[in-house]
Amino acid sequence: QIPLLWPTIVSHKIDKASPLYRMSPKQIEASKMEIIVTMSGFRSETGGSIDSMTSYTSKEIMWGARFCHESVLDRRGSVNIASFSQEDIDKYVRDNTVRLSGEEIDIIKQEVSGD
């Protein structure tokens, strides 16, 4: 168990050990998979336990996007103001992530480096 502090950002690195390594954006969109995320932790103030579970279907996975934590947590000097509205929690921003699988990127890198 880990202490869960606000905000908590969880990430999954897509490397050769990842089950998503060979999947391109098109393959993910066409699949019928579901990623289930579970977290267990404790409140540092009280020692009480926290258990959370959510899931993402292939239709909910957005390649080249990330949650916009700025809309959920507003830092004003030494004060943090958190928003728990679903509208703020669901906001995301697009980035310039290449639309290739991790495996395809590694193959291109090998070809460019001559390995």
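Just so it is clear, the model here is predicted, and its values are computed rather than measured.
Residues Arg66 and Tyr92 form no side-chain contact, since every pair of their non-hydrogen atoms from C-beta on lies 4.5 Å or further apart. At a threshold of 4.5 Å between non-hydrogen side-chain atoms, the residues Ser24 and Glu104 count as touching. Counting only heavy atoms from C-beta outward, the side chains of Glu103 and Met23 never approach each other to under 4.5 Å.
Under a hydrophobic clustering in which Ile, Leu, Val, Met, Phe, Trp and Tyr are joined whenever their side-chain heavy atoms come within less than 4.5 Å, directly or via other members, Ile61 and Ile36 fall into different clusters.
One finds the CG atom of Leu20 at 5.5 Å from the CD1 atom of Ile28 (value rounded to the nearest 0.5 Å). Separation of atoms CE (Met62) and CZ (Phe67) is listed at 9.0 Å; rounding is to 0.5 Å. Of the inter-residue distances, the one linking Thr57 atom OG1 with Met33 atom CE reads 9.0 Å to the nearest 0.5 angstrom.
Shown are Ile105, Ile107, Asp106; of these, the side chain to side chain contact (heavy atoms under 4.5 Å, CB included) with Leu100 is made only by Ile105.
Across all their heavy atoms, Tyr56 and Val37 have their closest contact at CE1-CG2, 4.0 Å. For the pair Ser31 and Ser58, the tightest heavy-atom approach, listed with the atom from each and the gap, is O-OG, 2.6 Å. A pairwise comparison of heavy atoms in Trp63 and Ser101 identifies CH2-CA, 4.5 Å as the closest pair. In this structure, Ser40 and Asp51 approach most closely via the heavy-atom pair OG-OD1, 2.8 Å.
Open room surrounds NZ on Lys26; 12 or fewer heavy atoms of other groups in view lie less than 6.0 Å from it. Enclosure of atom CZ in Arg76 is not indicated, since only 12 or fewer non-hydrogen atoms of other residues, nucleotides or ligands lie within 6.0 angstrom.
The pair Glu29-Arg99 meets the salt-bridge criterion, with a side-chain N (NZ, NE, NH1 or NH2) lying under 4.0 Å from an Asp/Glu carboxylate O.
Side-chain atoms of Glu34 and Ser55 form a donor-acceptor pair, as typed in the model, at a separation below 3.5 Å.
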